[in-house]
Asker: 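I have a structure here, written as structure tokens, and I will follow up with some questions on it.
Only a predicted model underlies this, so the values are computations on that prediction, with no experimental measurement involved. In what follows, every heavy atom counts, from backbone to side chain, and hydrogens, waters and symmetry copies are set aside.
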Amino acid sequence: MSGSGGRRRGAGPGTATQREESLSWRKQKSLQIHRALTSDPVDIDVLRGAAESDGGLLSQEIRRKVWPKLLSVNVFHLPPKPGRGVRCRHPDYNQVQMDVRRSLKRFPAGMRDAERSVLLEQLTDMILSVLQSHPELHYYQGFHDIAVTLLLTVGLRLGTGMLSTLATHHLRDFMDPTMDRTKHILHYLMPLIQSESSELHSFLVRSEVGCIFALSWLITWYSHVLTNYQHILRLYDFFLASHPLMPVYCAAQISSSSQRPDSILQREAESDPPAEPSPPPPPRSQNPLVKLAVWGLSASIGAAALAVAQSALELGPELLMGLF
């Protein structure tokens, strides 16, 4: 995927010359982002290109400046700092509190207990503040994964403003009282998967397992399943700069991926080799035990694909996207 600030493939750490090229590229991209931020008006197209292209937004400092611009969040008119008063009267408090406690693994290793405790309290207040400000929204498990990413990157007050915007736009379909619209979004996966892998599409259709294995990917923007924090930030750069349905396209590409990243690079350089024959799809069956077994298999496929995805992110999400 090409875009503003892109670099030549292969210009990574290695020889002294390659390191110098990498450093020069980072400086050039940082300067380009700075110019876009200080132009009047702010050059959003350049910022989107920087977020989408190789390396993303490079650093936490740059993300704090660019992320709100990508969401059109006015940093001079942010909601007030969330207070503790919302806790005693919000019906979702207990569920939010349990999910926040389960988010401990999302915090950097080595963080002091006192600092982590403060952030956990802020995370609870941040989520409840957004829900209180928008009573039409219904909390879902996984919303806290997106909230913690924002909190750790941009802080409490700006993170609350960004979370509010995401909840009322990008994530709005997941925050209904029922899962009807969430299921509708998941159904977009099937035709996308079919366009990438007819064999996998046939397997999923005939096994009747659906696309539930991708649910946590979409509703958390993959932050619940990816283990490398830098990979999470890189995807958030990309998603914030893209159409709200981009996580669905990403899920289709991950599900359909069966090659290692080096195989993907080789495929780009060479003509596509003949496809190997695939095992026939399972016979259509109404037996719930068969469905359960096949669902387990599809979940395993998803887990394996995510392992490939994490490796691919080392090279850049443009490999993951497959240039949809």
Asker: If you count every heavy atom of other residues, nucleotides or ligands that lies below 6.0 Å from His138 atom NE2, does the total exceed 12?
Answerer: yes
Asker: Any side-chain donor-acceptor pair under 3.5 Å between Asp99 and Tyr139?
Answerer: yes
Asker: Tell me which one of Trp221, Tyr249, Trp217 satisfies ring-ring contact (aromatic ring centres under 6.0 Å, His included) with Phe239.
Answerer: Trp221
Asker: Counting only heavy atoms not in Glu136 (residues, nucleotides, ligands), do more than 12 fall under 6.0 Å from its CD?
Answerer: yes
Asker: Does His134, at its NE2 atom, have more than 12 non-hydrogen atoms belonging to other residues, nucleotides or ligands within less than 6.0 Å?
Answerer: yes
Asker: Could you give me the CA-CA distance, side-chain angles and deciding distance for Tyr140 and Thr220, then say whether side chain to side chain donor-acceptor pair (under 3.5 Å) is met?
Answerer: CA-CA 10 Å; Tyr140 66 86; Thr220 70; over 6 Å; no
Asker: Apply side chain to side chain donor-acceptor pair (under 3.5 Å) to Ser223 and Tyr236, showing your working.
Answerer: CA-CA 9 Å; Ser223 56; Tyr236 274 55; 3.2 Å; yes
Asker: Going by atom types alone, do Ser129 and Lys81 pair a side-chain donor with an acceptor below 3.5 Å?
Answerer: no
Asker: If you look at every heavy atom in Leu192 and Ala252, which pair is closest and at what distance?
Answerer: CB-CB, 3.5 Å
Asker: Report yes or no: do Arg112 and Ser117 form a side-chain donor-acceptor pair below 3.5 Å?
Answerer: no
Asker: Side chains of Ser24 and Gln28: any donor to acceptor distance under 3.5 Å?
Answerer: yes
Asker: Would you list the pairs meeting ring-ring contact (aromatic ring centres under 6.0 Å, His included) in which at least one residue belongs to residues 55-99, sequence neighbours left out?
Answerer: none
